[in-house]
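Presented below is the structure to which this report refers.
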Amino acid sequence: MTTATPDTPPAPGPGSGPLAGPWRDPSLDPETRVDALLRAMTLPEKIAQLFGVWVGASDDGAEVAPHQHDMEEAVDLDALLPHGLGQLTRPFGTVPVDPALGAVSLMRTQARIAAANRFGIPAVAHEECLAGFAAWGATAYPVPLSWGATFDPELIREMAGAIGRDLRAVGVHQGLAPVLDVVRDARWGRVEETIGEDPYLVGTLATAYVRGLESAGVVATLKHFAGYSASRAGRNLAPVGMGRRELADVILPPFEMAVRESGVRSVMHAYTDTDGIPAAADDGLLTGLLRDTWGFTGTVVADYFGIAFLKTLHGVAGSFDEAAGMALAAGVDVELPTVKAYGGPLLGAVEDGRVPESLVDRAVRRVLLQKVHLGLLDPDWSPVPPALVGIGLDVATDPSDSTDASHVPAAEDLRGTIDLDPASNRELARRVAERAVVLLRNDGTLPLDPAVPRRIALIGPTAEAPTAVLGCYSFPVHVGGQHPDVPLGIELPTLHEALRDEFPAAEFVLAAGTGIDDGATDGIAEAVALARGADLVVVALGDRAGLFGRGTSGEGCDAESLELPGAQGRLLDALLDAVRDTGTPLVATLLAGRPYVLGRATEEAAALVQSFFPGEAGTATIASVLSGRTAPSGRLPVSVPRHPGAQPSTYLAARLGQASEVSSIDPAPAYGFGHGLTYTTFAWTDLAVEAAEAPTDGTFHLSFTVENTGSRAGTELVQLYLHDPVASVVQPVQRLIGYARLELAAGERRLVHVDVPADLASFTGRDGTRLVEPGSLELRLAASSTAPRLTAHVTLTGPVRPVDHRRRLHADFRIGPAAPSLPSVR
């Protein structure tokens, strides 16, 4: 067995505190501190830093307890802690716990961990934060698919900063977000967790989210690296069959952008295997590309149970020690959520020489360096998180006695003292939700005057479902569903309640018509009768988020087709028949985790309002859009299909992926990527190209004018697409390379300048090298992927130019005032 170096100090006695050494000297550079600590550690102490333990905080403020779950055996903390511990898994996100008592529970556990090991090293505590801090009582923000609909990186950065501050306040160091998977098949259950179907949109918004989270001192985690969303048939945790060019040009660019630009400090490997190689055992991906090429210096963490899956699911390892050696060699530093392969199996494999200790040292160095940067090895480190200091709990425990509670108020005095859903969070959640609502169709019925008395038939299964606004990784769905007797912890007004508040002059009559996915049709007749007697019909459709088949959207809730779940499509058609006879306007609203086929409604409904799990402010936001108090400004981050079986398809299709006379399937969407209506109109004019030719290392300079030609303020989203008509390998017909939001008052005109570097025309060539080729291009300025407004025909000249990860990634948009319109001469 490998032991500490001969000059290793002895273990401290009870109450003596952690060993002193260079590792506790903040005046030294972090690398020097870590190297000194590594030299002093035994092999078991090193390995202990490479795994987490899944715990749940105690609602009475006692220490956390290991979480018992069906994937692993029970964990004996008393046996583990003398060697140390790398991470604590989800202390707030495992069971419902009051935030203040959870913070006390985590504080006591951290004091116990630090006191139990020779060096006084606490654990990194991590949590899910995909749509807000996944803790009881914390703000439920819109899901990432709604982030995509905002096309607003700065707003997403602001939201992530607020999430990060809440995490840090209660002692959490790392957040397992954002998801950078690019949607390839909308049947995949985790579409709600993605930002959309375009890599540039995903990259820019994910990078903004990381910047926000990291600005609060919380380690962001990019996931799932890489290819998880490209599974065959849209099935969760299924094989991925794609070529290296799809990987390089669609899947990897968002990760590359985030690594280069965001300051991200952690990456999580994907579950999947691509062309037979599991991501957790892919050294070319996790080390060669991520570290050696892109220069990533943080930690790579396992997706939950992912290292063990090398044995149990992928079948590339015959034992857990072999799986541990594979993952460690590939570059996985930390096993999550709990100890399995990186415990005894790894220890044995190193001791008998099957796994080099140098691989352990490599991973431990990264883990300890991150802990140094987090301040966990500083002499003034305290287990008391900022939120508890804020309520007067300055000294919580004697580090040598983690059971000391002499300075901790009683549970009943602490309960309710930490608010994870303050007014500022709720306001921010509202702003994100407002910018994410997409108006798909409007025949002029919207907006509705709230002062006009009318009889409104509110029909559909999401009308009175409080959690219909929440995604799979929100706490009330992810954990709260297993504790039905526990209150939700946040206010979730139903759509009925929100509409009643927004339209006080209206009379509402209600009918569910059917359930979300029960297939029941016996309520449709009642719904039709109510619709025929109403002045307006609002149909409330959508999903129920859940896990592993317990919902219609979410992890493990994959769809066989993109028809509306259950009998919702039949309900919608029956209501369309009813209003066709009466002439009553029908407005359909969707609270969903993926796009669905809307059938005849795309032609016959008065209006269609799409929202992707918009969070706790979602129903109020939809109501405000219907009344016109909020002007819709969201755009589709995923295409809405016209036919349920035209999958997989996204707008990023090559010519052979478009409709043709030789196939009976038309994959054209009902509403394309980037689509979204407003309550005003815009004119795009005066396109100017400074020079129509530029070298393959040059830049094109464009300008044009956008004018709000309507009678009310609105937001236009300028989208820049590249069309490359002739290339050495097949290209998508078009792809997004830039965008800008313009908020214009009625009659306002703005001059938009765009600098487009040639690097944005690069793609992966036949030999795997990224190239910029000479030739003609179209730069399409568009309101959506299906609504071009202006096209610049330009040409790249000169030699083929190889580029790499240092290439430019963005077009530069500059918005300035436009010259006033000249009066027409008659």
Side-chain angles (χ1 to χ4, degrees), residues 1-11 23 31 34-53 72-73 75-76 79-87 117-119 121 269 273 276-288 290-292 297 299-303 305-336 338-371:
M1 174 177 177
T2 304
T3 59
T5 54
D7 57 348
T8 300
W23 50 84
E31 290 77 10
V34 168
D35 287 342
L37 181 54
L38 268 174
R39 287 192 298 270
M41 296 176 83
T42 65
L43 178 61
E45 286 171 333
K46 294 176 186 177
I47 289 178
Q49 294 297 317
L50 302 185
F51 56 74
V53 172
E72 294 294 339
E73 302 85 8
V75 172
D76 184 353
L80 292 177
L81 292 189
H83 298 300
L85 182 63
Q87 293 222 4
N117 71 84
R118 294 190 304 146
F119 303 101
I121 307 172
H269 76 70
D273 58 77
I277 308 298
D282 190 345
D283 62 322
L285 179 72
L286 301 181
T287 297
L290 179 64
R291 295 190 183 278
D292 297 343
T297 59
T299 57
V300 173
V301 301
D303 203 345
F305 311 106
I307 297 174
F309 286 168
L310 294 175
K311 173 184 182 295
T312 60
L313 292 185
H314 297 293
V316 296
S319 61
F320 290 121
D321 51 358
E322 189 177 350
M326 282 185 176
L328 199 62
V332 182
D333 302 312
V334 181
E335 180 178 25
L336 298 179
T338 194
V339 57
K340 182 68 174 182
Y342 275 14
L346 177 58
L347 179 62
V350 175
E351 287 177 335
D352 65 18
R354 286 175 291 127
V355 173
E357 189 170 353
S358 60
L359 291 179
V360 173
D361 289 346
R362 181 179 72 171
V364 177
R365 181 174 281 107
R366 295 165 181 162
V367 169
L368 293 177
L369 191 60
Q370 197 160 91
K371 290 191 174 187

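The chain is numbered in sequence order, starting from 1.
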If we only count heavy atoms from C-beta on, is the [X] to [Y] side-chain gap below 4.5 Å?
X      : Y      : value
Leu37  : Ile121 : yes
Glu45  : Asn117 : no
Leu80  : Phe51  : yes
Arg365 : Asp35  : yes
Arg291 : Val300 : yes
Glu31  : Leu369 : yes

Keeping [X] on the side-chain end and [Y] on the backbone end, is there a donor-acceptor pair under 3.5 Å?
X      : Y      : answer
Gln49  : Leu368 : no
Glu322 : Gly318 : yes
Lys371 : Gly86  : yes

Qualifying residue, where the test is side chain to side chain contact (heavy atoms under 4.5 Å, CB included) with [X] and the options are [options]:
X      : options                : result
Val364 : Ile47, Leu38, Leu359   : Leu38
Met326 : Leu310, Ile307, Val355 : Leu310
Val301 : Asp333, Val334, Val367 : Val334

Spacing of CD belonging to Gln370 relative to OG1 belonging to Thr299, to within rounding of 0.5 Å: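 If I round to the nearest 0.5 Å, the distance is 4.0 Å.
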
Interatomic distance, Leu328 atom CG to Glu335 atom CD [nearest 0.5 angstrom]: 10.5 Å

Stepwise side chain to side chain contact (heavy atoms under 4.5 Å, CB included) test for Phe305 and Leu313: CA-CA 10 Å; Phe305 311 106; Leu313 292 185; over 6 Å; no

Can you give me every donor-acceptor pair (side chain of residues 281-288, partner residue at least two apart or in another chain, under 3.5 Å) with its distance?
unit_1, atom_1, unit_2, atom_2, d
Asp282, OD1, Gly284, N, 3.1
Asp282, OD1, Leu285, N, 3.2
Thr287, OG1, Ala330, O, 2.7

With sequence neighbours excluded, residues passing salt bridge (charged side-chain N to carboxylate O under 4.0 Å, His left out) with Asp303: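 With neighbours one apart ignored, the set is empty.
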
Minimum heavy-atom distance between Leu336 and Ala302, given as atom pair plus value: CB-O, 3.5 Å

Nearest heavy atoms of Gly306 and His269, plus distance in Å: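 Heavy atoms only, the tightest pair is CA-CE1, 3.8 Å.
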
Within 45° cone and under 6.0 Å: Lys340 NZ/CZ vs Phe320 ring: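 Satisfied, under 6.0 Å and within 45°.
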
